[in-house]
Amino acid sequence: MEYNFKDIEKKWQLYWSKNQTYKVDIDSSKKKYYVLDMFPYPSGAGLHVGHPLGYIASDIFARYKRLLGFNVLHPMGYDSFGLPAEQYAIQTGQHPAVTTEKNINRYRQQLDAIGFSYDWSKEVRTSDPSYYKWTQWIFIQLFNSWYNVSTNQAESISSLIGIFETVGNNQVSAVHTHDWNFTSHDWKSFNEKTKSEILLNYRLSYISDAMVNWCPELGTVLANDEVKDGVSERGGFPVERKQMKQWSMRITAYAQRLLEDLEKIEWSDSLKEQQRNWIGRSEGAEIRFKIFNSELELLIFTTRPDTIFGATYMTLAPEHEYVDIITVEDYKNEVNGYVLEAKNRSERERMAEVKNITGVFTGAYAIHPFTGNKIPIWVGDYVLSGYGTGAVMAVPAHDARDYAFARHFNLPIVEVVSGGELELGSYDAKEGKLINSEFLDGLEVKEAIKKVIEKIESRNLGAGKINFRLRDAVFGRQRYWGEPIPIYYQDGIPLAVDEKDLPIILPEVDKYLPTEDGEPPLARAKDFQYKGFPIETTTMPGWAGSSWYFLRYMDANNNEKFASSNTIEYWKEVDLYMGGAEHATGHLLYVRFWTKFLFDRGYISIEEPAKKLINQGMIQGRSNIVYRIKDTNKFVSLGLKNDFEVTELHVDVNIVENDILDIEAFKSWREEYRSAEFILEEGKYICGNEVEKMSKSKWNVVSPDIMIDKYGADCLRLYEMFLGPLELSKPWNTNGITGTSNFIRKLWKLYHKNNQQNQELLFDVSNDEPTKAEYKILHKTIKKVKEDIEKFSFNTSVSTFMICVNELTDLKCNKRKIVEPLAVIISPYAPHIAEELWFLLGNASSVTKTLFPEFNDEYLIESEFAYPISVNGKTKFNLNLSLSITKEEVEKEVLANENMQRLLNGASPKKIIVVLGKIVNVVV
RNA sequence: GCCCGGGUGGCGGAAUUGGUAGACGCGUCGGUCUCAAAAACCGAUAAUCGCAAGGUUGUACCGGUUCGAUUCCGGUCCUGGGUACCA
């Protein structure tokens with residue numbers, strides 16, 4: 001009988017769970033290694049084949065590290081708060097906790113079937129009160145902290161209050177929202193409410209005004225994702241942009257450190273670059289422009305203060321507070337209309353439609369601080385209110401967007417940097433000499449920037465400034481299914497709930513919708529109070545729970561602390577973090593932020609959550625299409641479809657194999673197809689295909705269950721790794737799975753022989769000493785696979801296994817001394833078959849406790865001699881040749897090789913490539 | 001629009017990071033075995049010209065650097081992810 005994966009995989013999975021094989025505890029005698037997967041959101045569709053890609057890769061690495069003797073923490077859990085469960089609850093009335101629980105159970109079954117080596121005793125669920133108790137606790141720590149710029153760290157709010165009481169805030173250098181000067185005397189005279197407002201100005205979690213997508217019809221705030229073409233995706237109701245009081249997190253306090261510390265971690269350059277761009281540090285200046293006939297001054301931020309003499313107009317964001325104030329009467333109608341229209345377009349839309357230039361003149365003018373010229377003030381939606389000061393001095397000669405705007409509205413363009421060969425406007429002039437710029441004329445750009453900032457500062461027109469694109473993170477959500485924010489309001493003053501009273505349990509509500517007056521769903525809860533005062537009714541965002549979960553795994557069942565200090569000290573940070581690149585600027589920034597905060601406040605001793613990060617690519621769906629001839633129940637095969645007028649229909653990919661439709665399965669798939677007829681090609685119905693996002697509605701979701709049932713978990717694991725480089729996105733297709741399936745069967749047959757009588761395969765290994773050739777095959781494989789695992793190049797190691805098994809099969813090698821170590825090196829990839837093989841070989845213990853075999857170089861060398869290459873009588877270097885070639889042949893080939901001749905006078909070749917005794921190429 | 005990826009046979013992908021392009025697997029074709037089929041095994045398989053030996057062209061497209069480019073540089077096209085309340 002062939003390899004019976006069903007029985008064997010079940011047997012070992014049971015064995016692992018019974019023996020708690022993968023349970024770990026801190027062990028100071030061993031080096032630790034922490035392998036973490038980004039935990040999944042348990043969706044109703046179940047796990048699909050895309051999920052395990054990263055999980056298999058990290059599992060391979062975790063198992064590999066165990067084989068090397070590390071104490072490996074490899075946990076798993078669920079990011080179980082989220083919007084889909086809430087949407088489902090709104091539709092069906094089922095409590096999100098119920099559906100979430102159901103989904104989690106399904107996920108767990110599916111994960112178990114793949115044979116992961118997780119320590120399930122450390123499972124976490126973000127929606128579990130015993131977990132979110134600590135999420136709330138961290139929120140309170142943030143609420144009770146401020147960022148001291150002088151010490152460059154977060155400190156307790158009580159130290160700030162102490163400073164206020166003794167000296168006021170004049171000497172305080174803190175990250176805050178509004179400027180507000182007061183003395184200690186003033187402070188003492190403020191009432192509680194004022195004090196509270198002042199402190200909120202400094203706290204790391206605070207209340208602010210934030211722009212949101214408000215849908216009056218649904219009475220709720222929508223994600224940009226939920227808004228399509230200006231209307232809500234759900235229901236199609238109009239959506240408007242609106243300011244709203246929201247809880248926020250002062251992540252901007254950490255902008256510089258988040259930027260700098262990227263140097264300390266081994267994340268991919270592209271991901272670091274994305275974070276750098278997201279943080280968007282830019283050096284420049286803030287400059288005040290007087291407004292003509294007004295007391296007001298317009299504050300702008302520019303990265304190019306040197307081009308100030310090229311500023312020919314000003315542009316305000318439509319949301320800018322001055323728009324309404326400065327607009328001249330005659331222009332009011334037009335400006336108001338424009339602002340109203342711009343307001344309801346999302347930032348993304350506004351930026352995306354850059355070719356569609358719009359704007360209006362306000363009728364007002366600013367005064368150029370150096371020339372005294374009147375500069376028209378415009379409103380344009382290419383200026384965003386959230387960045388800088390929401391106002392720019394436009395220098396059309398040296399900025400593409402300003403240029404386009406100026407050309408469109410016929411505004412003057414003054415060139416101030418010479419030396420550009422390119423056309424005006426497309427020339428950003430980062431280098432060159434200043435012209436038309438009075439005291440800056442003749443200076444290089446860099447010098448000019450310095451000089452103009454000095455001038456601006458000395459004349460008190462503004463100051464040099466470092467600006468970040470990063471914005472504070474809006475933290476409140478008008479949703480039900482999230483962590484309650486542990487704040488209550490006493491006479492309108494927000495106060496933190498006492499830590500000993502945590503968690504604030506998510507209350508029951510009659511409906512998961514906002515109230516009639518547009519209050520969040522939690523406002524429906526009866527007696528949602530603390531000490532008789534109302535509790536905050538917005539909840540935390542999805543990213544809250546995931547911003548610290550890596551710490552909870554260390555000590556998941558601790559009721560006294562989020563994790564005990566000795567576990568935190570032992571496990572420290574994640575050594576390998578595996579997850580999708582789509583989290584580059586969301587989760588991966590927030591988790592770094594919270595980690596730094598917890599470090600500042602002394603709760604942990606690490607400043608970065610993860611040393612090394614690998615992004616696995618996304619697996620896309622590969623849909624299959626059938627073609628129904630219009631107004632019939634007749635389906636035509638792909639190659640013949642052009643002869644007919646057809647409708648394209650998605651067909652369940654599970655009843656299609658290699659694009660060939662299983663006609664019987666199709667007929668019973670749906671009632672309406674029972675009597676379907678087919679026009680075939682060569683007796684087959686060929687389906688079309690398309691690569692798209694995996695989605696239930698496209699019938700292209702492939703669940704691992706079916707694959708496991710058909711081919712086994714090991715086969716699925718090998719196949720997902722074999723599919724291509726881990727980091728690349730790729731469509732799922734099962735066309736090649738027979739390859740890995742064949743490999744497993746071949747491996748099985750390698751140490752089984754056929755029983756002549758009943759065709760049974762009998763276990764059969766020999767104790768003979770392997771030959772040199774056999775050892776070579778083994779050690780070649782060990783070397784390659786080890787290198788591949790360390791490079792996360794799992795696809796090529798699967799190839800290596802295949803070559804190895806093919807070669808051993810050719811030699812009919814079933815020797816124990818080869819098969820035993822082979823089982824070990826295969827075990828990270830295909831743990832079940834490896835374990836079974838190990839067991840058959842008479843080893844009781846699990847392969848997970850074995851050491852990874854070292855490769856031996858001696859077996860890899862075939863023949864070698866060093867050949868000295870001489871130039872002008874001097875020996876320049878030795879060639880090490882590893883394939884059979886004679887001295888005479890070398891001489892002949894070296895002399896005959898043109899490249900060699902040309903190169904001998906220059907640098908030394910590193911390598912000469914020799915094939916069948918011929919030098920074919922030279923590496924310098 | 002902006003930021004970050006990717007583009008190599010019929011298909012998934014290799015290529016020691018500048019040195020024999022196409023490893024390995026799938027598929028297809030041919031063969032062995034069989035009454036037949038399946039399975040298994042063996043062989044062929046980038047395109048093109050040629051009976052053959054062998055030649056030519058080939059890593060999205062255009063150009064550059066180099067003795068030599070899939071690899072480095074400049075530009076273009078297509079495509080995936082992110083774009084701040086999806087997770």
Side-chain angles (χ1 to χ4, degrees), chain A residues 2 38-41 43 79 81-84 87 210 212-213 220-227 246 251 268-278 280 346-356 382 386 400-401 469-479 482 541-543 546 580-587 589 615 617-618 620 658 691 693 719 722-725 727-731 733-740 742-743 745 749 787 793 795-796 798-803 806 809 897-903 906 909-916 918 920-924:
Chain A
E2 294 206 322
M38 288 183 188
F39 58 173
Y41 173 78
S43 100
D79 188 13
F81 272 133
L83 204 50
Q87 305 280 30
V212 295
N213 302 313
T220 189
V221 175
L222 298 177
N224 283 337
D225 225 47
E226 298 174 279
V227 185
Q246 294 277 6
I251 188 174
S268 71
D269 290 337
S270 66
L271 198 125
K272 287 185 186 178
E273 192 62 17
Q274 276 184 76
Q275 289 213 345
R276 274 186 209 111
N277 292 333
W278 185 261
S346 71
E347 283 188 7
R348 204 186 307 179
E349 273 179 313
R350 280 162 58 173
M351 286 187 287
E353 288 169 27
V354 90
K355 281 175 197 151
N356 193 4
Y382 75 99
R401 286 160 309 175
R469 205 184 72 100
L470 183 71
R471 306 202 290 252
D472 276 342
V474 177
F475 198 73
R477 298 286 184 271
Q478 316 262 316
R479 312 278 188 195
W543 55 267
S546 59
E582 66 271 23
H583 300 284
T585 52
H587 162 65
L589 210 53
N615 292 124
M618 180 176 279
Q620 294 142 316
N658 295 340
V691 173
K693 215 172 199 162
Y719 184 61
F722 188 60
L723 213 49
E727 287 93 339
L728 282 191
S729 292
K730 54 226 150 201
N733 79 73
T734 53
N735 288 349
I737 198 160
T738 49
T740 48
N742 282 341
F743 163 73
R745 294 214 302 264
K749 281 186 188 163
E787 283 169 3
S793 175
N795 54 332
T796 50
V798 178
S799 295
T800 308
F801 289 141
M802 288 175 176
I803 295 168
N806 281 342
T809 304
N897 192 300
E898 277 176 53
N899 290 341
M900 196 67 191
Q901 288 299 315
R902 265 196 292 268
L903 287 163
K910 278 182 201 158
K911 189 166 87 177
I912 293 197
I913 294 171
V914 182
V915 174
L916 300 173
K918 277 188 182 175
V920 294
N921 229 327
V922 178
V923 183
V924 188

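Reminder, nothing fancy here: chain letters follow the sequence lines and each chain counts from 1.
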Tell me which nucleotide, if any, is Watson-Crick or G-U wobble paired with [N] when both distances must be under 3.5 Å.
N     : answer
B:U65 : none
B:U16 : none
B:G5  : B:U79
B:G50 : none
B:G43 : B:C29
B:U59 : none
B:A36 : none
B:G22 : none

By ring-ring contact (aromatic ring centres under 6.0 Å, His included), which residues pair with A:Phe801, not counting sequence neighbours?
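Here the qualifying residues are A:Tyr829.
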
Does A:Tyr41 have any ring-ring contact (aromatic ring centres under 6.0 Å, His included) partners at least two apart in sequence or in another chain, and if so, which?
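Testing A:Tyr41 for ring-ring contact (aromatic ring centres under 6.0 Å, His included), a comparison that skips the adjacent residues, returns none.
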
Would you measure the distance from the [atom1] atom in [N] across to the matching atom in [M] and give it in whole Å?
N     : M     : atom1 : answer
B:G10 : B:A47 : C1'   : 12 Å
B:G74 : B:C4  : P     : 13 Å
B:G25 : B:A14 : C1'   : 11 Å
B:A39 : B:C26 : P     : 12 Å
B:G12 : B:G18 : C1'   : 27 Å
B:A69 : B:U17 : C1'   : 12 Å
B:A60 : B:U8  : C1'   : 10 Å
B:C86 : B:G81 : P     : 16 Å

Could you run through nucleotides 82-87 of chain B and give me one letter per nucleotide, 5' to 3': B if any protein heavy atom sits under 4.0 Å from the base, S if only the sugar-phosphate is that close, - if neither?
SBBBSB

Do you know the tightest heavy-atom contact between [X] and [Y]?
X        : Y        : value
A:Ile737 : A:Tyr719 : N-CE1, 3.6 Å
A:Val474 : A:Ala210 : CG2-CB, 3.7 Å
A:Pro541 : A:Phe475 : CD-O, 2.8 Å

Under the rule syn = chi within 90° of 0, otherwise anti, which is B:U17?
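Chi for B:U17 falls in the syn range.
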
Name the orientation of the base relative to the sugar in B:G9: syn if the glycosidic angle is within 90° of 0, else anti.
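With its glycosidic angle within 90° of zero, B:G9 counts as syn.
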
How close or far is atom [atom2] of [N] from atom [atom1] of [X], stated in whole angstroms?
X        : N     : atom1 : atom2 : result
A:Tyr382 : B:C2  : OH    : C1'   : 16 Å
A:Phe743 : B:A23 : CZ    : P     : 19 Å
A:Met802 : B:A23 : CE    : P     : 14 Å
A:Phe801 : B:A23 : CZ    : C1'   : 16 Å
A:Arg276 : B:C3  : CZ    : C1'   : 13 Å

List every contact pair, protein side and nucleotides 40-46 of chain B side both N or O, where the distance is under 3.5 Å.
| unit_1 | atom_1 | unit_2 | atom_2 | d |
| --- | --- | --- | --- | --- |
| B:A40 | OP1 | A:Asn742 | OD1 | 3.4 |
| B:A40 | OP1 | A:Arg745 | NH2 | 2.9 |

Which residues satisfy the salt bridge (charged side-chain N to carboxylate O under 4.0 Å, His left out) test with [X], sequence neighbours excluded?
X        : value
A:Glu787 : A:Lys783
A:Arg469 : none
A:Glu273 : A:Arg276

Detail all sub-3.5 Å separations between protein N/O atoms and N/O atoms belonging to nucleotides 71-74 of chain B.
none

Does the pair A:Thr220 and A:Arg479 meet the rule for a side chain to side chain contact (heavy atoms under 4.5 Å, CB included), with working shown?
CA-CA 8 Å; A:Thr220 189; A:Arg479 312 278 188 195; 4.1 Å; yes

Atom pair CD1/CZ of A:Ile251 and A:Arg471 - distance to nearest 0.5 Å:
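Output value for this atom pair is 12.0 Å.
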
Is the backbone of A:Val221 close enough, under 3.5 Å, to the side chain of A:Asn213 for a donor and an acceptor to pair up by distance?
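The answer is no, because no donor-acceptor pair under 3.5 Å joins these two groups.
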
Can any side-chain N or O of A:Ser268 pair as donor or acceptor with the backbone N or O of A:Leu271 at less than 3.5 Å?
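Side chain of A:Ser268 to backbone of A:Leu271, a donor-acceptor pair under 3.5 Å: yes, one is there.
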
Sequence neighbours excluded, which residues qualify as side chain to side chain donor-acceptor pair (under 3.5 Å) partners of [X]?
X        : answer
A:Gln274 : none
A:Thr809 : none
A:Asn733 : none

Test side chain to side chain contact (heavy atoms under 4.5 Å, CB included) applied to A:Leu589 and A:Leu470, step by step
CA-CA 11 Å; A:Leu589 210 53; A:Leu470 183 71; 3.9 Å; yes

Looking at B:C4, B:G27, B:C24, which one has an atom nearest to any side-chain atom of A:Asn806?
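Nearest to the side chain of A:Asn806 among the choices is B:C24.
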
Show the distances under 3.5 angstrom between N or O atoms of the protein and N or O atoms of nucleotides 9-12 of chain B.
| unit_1 | atom_1 | unit_2 | atom_2 | d |
| --- | --- | --- | --- | --- |
| B:G12 | O2' | A:Leu723 | O | 2.5 |

